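All remarks here apply to the structure that follows.
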Amino acid sequence: MKSQLQTLLREALDTVLAGAVPAPETINLEPARDRKHGDFATNVALTLAKPLGRPPRQVAEAIVQALPPSPLVKRVDIAGPGFINFFLVEGAMQALVTEILQAGPAYGRAAPGSAGRVMVEFVSANPTGPMHVGHGRNAAYGDALANVLEASGWEVFREYYINDAGRQADILTVSVWLRYLQDGGAALAFPESGYPGDYIREAAAALRLQMGAGMQRAAADVAHGLPADEAAGGDKEKHMDALIARARALLGAGYEAVQRLALERQLADIRATLDAFGVRFDRWASERDTVDSGAVRRAVEQLRIGGHTYEQDGALWLRTTFLGDEKDRVLIKADGSATYFVNDIAYHVDKLARHWPNLLDVWGADHHGYIARMRAAIRALTGRKDALQVQLIQFVTLSSGRMGKRRGNFVTLKDLIGEAGRDATRFFYLSRSHDQHLEFDVELARSQSNDNPVYYVQYAHARIASVFRQAAERGLPVDLAAPAPLERLVDPTEQALLAVLARYVQTLRNAAANSTPHLLTFYLRELADGLHRWYNACPFLVDDAALRKARLALAAATQQVLRNGLALAGVSAPDKM
RNA sequence: GCGCCCGUAGCUCAGUCGGAUAGAGCACCCGCCUUCUAAGCGGGCGGUCGCAGGUUCGAUUCCUGCCGGGCGCGCCA
């Protein structure tokens, strides 16, 4: 329907422009927001006014004059500064209902893989502690974005990068071990830069359960000769580094065992949380594996051979400034160990090597300084400038409602899901643009009341289901496959609902193209709004069998789009509430 | 200091490539259940789109400066 109008416009433009000015690549044609503006509207005359050097309304008139006649179009108006409004013949919009019902769950989905291949890496929270509300936003956003991309024709691979190598994993290991030693009676102070939190104590208990006293060492052996911690006037990071080295020396092969237990435990917690959140990955990639596979070594070699590196102060540097970074970055530290950065380079190159030419990473906003150097590294290795796209997720704060204070602020994602439920939590995370700070109103999310916006949408779906249950109870025939007299759908609320339905696909494509899945939740709210208004204005199960049939068809189509949209957002579509 | 993000109704936020009278939810006020779920609907109240310039037929949108907030600026990850 839309493409037919666009074809008409193209022909008209050919006549009007007559080669004097190149025709625009795309003709912006959208379902009109206001019924007074017809069914579809275009601003093409406004955009052409300048190149043609003529007033927009004059251009619009010329275009309308040149429009070939069509059985679809009832009337064409010029309005405002030069908008061209199309009024379609009765029944034209109603055809949408048939289209939706025939496609079912596939409605709105582009041909799989037709848009390309993209790997979406998201969450990737360090396995050094429980996931917090910020990770939750990343998870909800990344998953919905992946869904929306998939529905828009992208072949999508979802990956989680586990930072199981490096200093943070060592700090986790030492933290757990220290608690274990304390539990075993060793009089040792817990390091300032160790990880606080009960989960460390729990991990220590698990360590004892699994390994008994095998990892116990004398307090004096552990502490002797270490540089002072911050509390004792020293540098807490130096203290920690020395503690890590001491742990390795005293535990030998046991160090790896402790670390493995600690990491696996945290990772299991993360997996369980994401599972409860309904977020799944195609692959969990390990930083450790990337290092062990030699990929890091190869990446460094390649960068060196390519002449992108230099040595200074005993470290190996990458010339990222050449490619837009503000300063060069270290690949190999003076002590010979690799930076997180170099491991990440190898990982990203590996993703490209696995034939995912487009990489989309979802990071916390605090990592924005990291984008330029990562892009620079990828370009140095592959020559590709735009292989990596990064979406930054702004911070989440919890509202300071009564609940939060009384319960002492649940900060973990697991607690949040437990309090508010998966649907409300997901919906809330997607109710703001990702580049906007999010104030999470926990009180509202957990309230089982009509104030909670997620229920507004779910209720629309459940209401329709209820109508069909009623129809069955009353023994009314429901045959959605048979053609319905859709031209009977002439009530203003029905016309309005049809107009909202007509915007679904475009909304989906916009969400995918701009990485803005929140457009979907806003759309769903509007769709639910359209349904509720109609529901209040018109009874569906009327005696007039033909009208009833048409209304049930529209109801079913609306329900289908609600269901499809909610599924993409990761929110359930209940039949009963 | 430099870089990135943000500033829209009392509160929380949408606003697509510059386009029609700047929208929604909450809060507040007034109405609607003998009929398919009132977790709903209708009406009302509420705006110098941070400020000042510039570009344009047209600016919440683009550019510059200023004010205010967040984040980053490690041989941490």
Side-chain angles (χ1 to χ4, degrees), chain A residues 24 26 28 30 32-34 36-37 41 43 46-47 49-50 55-57 79-83 85 126 128 163 165-169 171 193 237 287 312-317 326-327 329-335 337-341 343-344 364-372 392 394-395 397 399 431-433 435-439 441 444 447-456 458-460 462-471 473-474 476 506-507 509-511 513-514 516 518-519 521-522 525-526 528-529 531-542 551 555 576-577:
Chain A
T26 56
N28 188 4
E30 36 186 55
R33 286 171 206 164
D34 190 327
K36 291 200 294 282
H37 300 146
N43 66 348
L46 294 159
T47 61
K50 183 180 279 185
R57 280 196 75 105
F83 288 98
N85 296 331
N126 285 355
T128 52
N163 298 122
R167 189 162 181 271
Q168 308 237 357
I171 296 175
S193 61
E237 301 307 334
E287 180 182 6
Q312 187 183 304
D313 303 328
L316 184 70
W317 296 69
E326 33 185 59
K327 54 173 289 195
R329 308 291 171 174
V330 170
L331 297 175
I332 307 294
K333 301 181 221 170
D335 68 1
S337 64
T339 56
Y340 172 84
F341 178 43
N343 290 354
D344 218 3
D366 54 335
H367 285 66
H368 69 75
Y370 203 75
I371 299 174
L392 296 175
Q394 293 296 323
F395 279 29
T397 49
S399 63
S431 67
R432 302 278 180 274
S433 173
D435 56 16
Q436 196 77 227
H437 292 244
L438 171 69
E439 183 173 328
D441 191 334
L444 186 57
S447 76
Q448 302 275 322
S449 76
N450 51 2
D451 293 342
N452 195 330
V454 68
Y455 297 130
Y456 185 76
Q458 290 185 318
Y459 183 45
R463 257 189 161 172
I464 297 169
S466 175
V467 169
F468 282 101
R469 277 195 300 274
Q470 271 293 321
E473 268 177 43
R474 297 187 201 172
L476 297 170
Q506 190 57 50
T507 301
R509 299 297 176 267
N510 281 344
N514 303 315
T516 48
H518 73 282
L519 295 179
T521 50
F522 279 89
R525 203 200 293 255
E526 279 183 66
D529 186 55
L531 183 277
H532 289 310
R533 282 176 196 224
W534 177 42
Y535 184 96
N536 275 73
C538 305
F540 300 173
L541 302 176
V542 289
R551 287 188 169 158
K576 225 173 192 171
M577 288 179 69

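Letters A, B, ... are given to chains in the order of the sequence lines, protein chains preceding strands, and every chain is numbered from 1. Computation of the quantities below employed the complete heavy-atom set of this structure, encompassing side-chain atoms and omitting hydrogens, waters and symmetry-equivalent molecules. In this text the structure is predicted, and so the values were computed from the model without any measurement.
Remark: ring of A:His37 stacked against base of B:rA20; centroid gap under 5.5 Å, plane tilt under 30°. A stacking contact links A:Phe83 to B:rA20: the aromatic ring centre lies within less than 5.5 Å of the base's six-membered ring centre, and the planes differ by less than 30°.
Residue A:Arg551 places no side-chain N or O under 4.0 Å from the OP1 or OP2 atom of B:rC36. At the phosphate of B:rG15, OP1 or OP2 sits under 4.0 Å from a side-chain N or O atom of A:His518. Under 4.0 angstrom from either OP1 or OP2 of B:rC76 there lies at least one side-chain N or O belonging to A:Lys333. Checking the phosphate oxygens (OP1, OP2) of B:rG70, no side-chain nitrogen or oxygen of A:Gln394 falls inside 4.0 Å. Residue A:Arg533 has a polar side-chain atom (N or O) positioned under 4.0 Å from OP1 or OP2 of B:rG42.
Residue contacts shown for A:Pro539 include a base, since a base heavy atom lies under 4.0 Å away. Looking at heavy-atom distances under 4.0 Å, A:Ala169 makes no contact with the nucleic acid at all. Within the nucleic acid shown, A:His532 comes within 4.0 Å of sugar-phosphate atoms alone, with no base atom in reach, counting heavy atoms only. Within 4.0 Å of A:Ala315, counting heavy atoms only, lies at least one base atom of the nucleic acid. Among the protein residues, A:Lys327 comes within range of the sugar-phosphate backbone only, with heavy atoms under 4.0 Å from sugar or phosphate atoms but none that close to a base. Using a 4.0 Å heavy-atom criterion, one finds that A:Ala460 contacts no nucleic acid atom at all. The residue A:Phe540 sits close to a base: some heavy atom pair falls under 4.0 Å. Contacts of A:Arg474 with the nucleic acid, taken as non-hydrogen atoms under 4.0 Å apart, involve only primed sugar atoms and P, OP1 or OP2. Using a 4.0 Å heavy-atom distance criterion, A:Asp313 is classed as a base contact. Note on A:Thr128: nothing from the nucleic acid sits closer than 4.0 angstrom, heavy atoms only. Nucleic acid contact for A:Gln312: base, since at least one base atom lies under 4.0 Å from a heavy atom of the residue. Residue A:Tyr370 is in base contact, counting any heavy-atom pair closer than 4.0 Å across all strands shown. Residue contacts shown for A:Phe341 are absent, as no nucleic acid heavy atom lies under 4.0 Å away.
The side chain of A:His437 approaches B:rG69 more closely than any other nucleotide in the set B:rG69, B:rA20, B:rG7. Of the candidates B:rU12, B:rA77, B:rC71, the closest approach to any side-chain atom of A:Glu439 belongs to B:rU12. When the nucleotides B:rC13, B:rC75, B:rG40 are ranked by their closest atom to the side chain of A:Tyr456, B:rG40 comes out on top. Of the listed nucleotides (B:rA77, B:rG19, B:rC71), B:rG19 has the atom at the smallest distance from the side chain of A:Leu46. Comparing B:rA77, B:rC57, B:rG40 by their closest approach to the side chain of A:Asn536 singles out B:rG40. Of the candidates B:rA20, B:rC36, B:rU12, the closest approach to any side-chain atom of A:Asn85 belongs to B:rA20. Here the side chain of A:Leu519 is nearest to one of B:rC36, B:rG15, B:rG7, namely B:rG15. The nucleotide whose nearest atom lies closest to any side-chain atom of A:His368 is, among B:rC4, B:rU12, B:rA14, B:rC4. Checked against B:rC4, B:rA77, B:rC75, the side chain of A:Val330 finds its nearest nucleotide in B:rC75. Looking at the side chain of A:Thr339, the nearest of the listed nucleotides B:rC75, B:rC5, B:rG40 is B:rC75.
Along RNA chain B, the nucleotide closest to A:Glu237 and the one closest to A:Asn510 are compared, and the more 5′ of them pairs with A:Asn510. Heavy-atom nearest nucleotides on RNA chain B were determined for A:Ser447 and for A:Phe395, and the one closer to the 5' end corresponds to A:Ser447.
Nearest heavy atoms, A:Tyr456 versus A:His532: O-NE2, 3.1 Å.
B:rC33: glycosidic angle within 90° of 0, hence syn.
No donor-acceptor pair closer than 3.5 Å links the side chain of A:Arg432 to the backbone N or O of A:His437.
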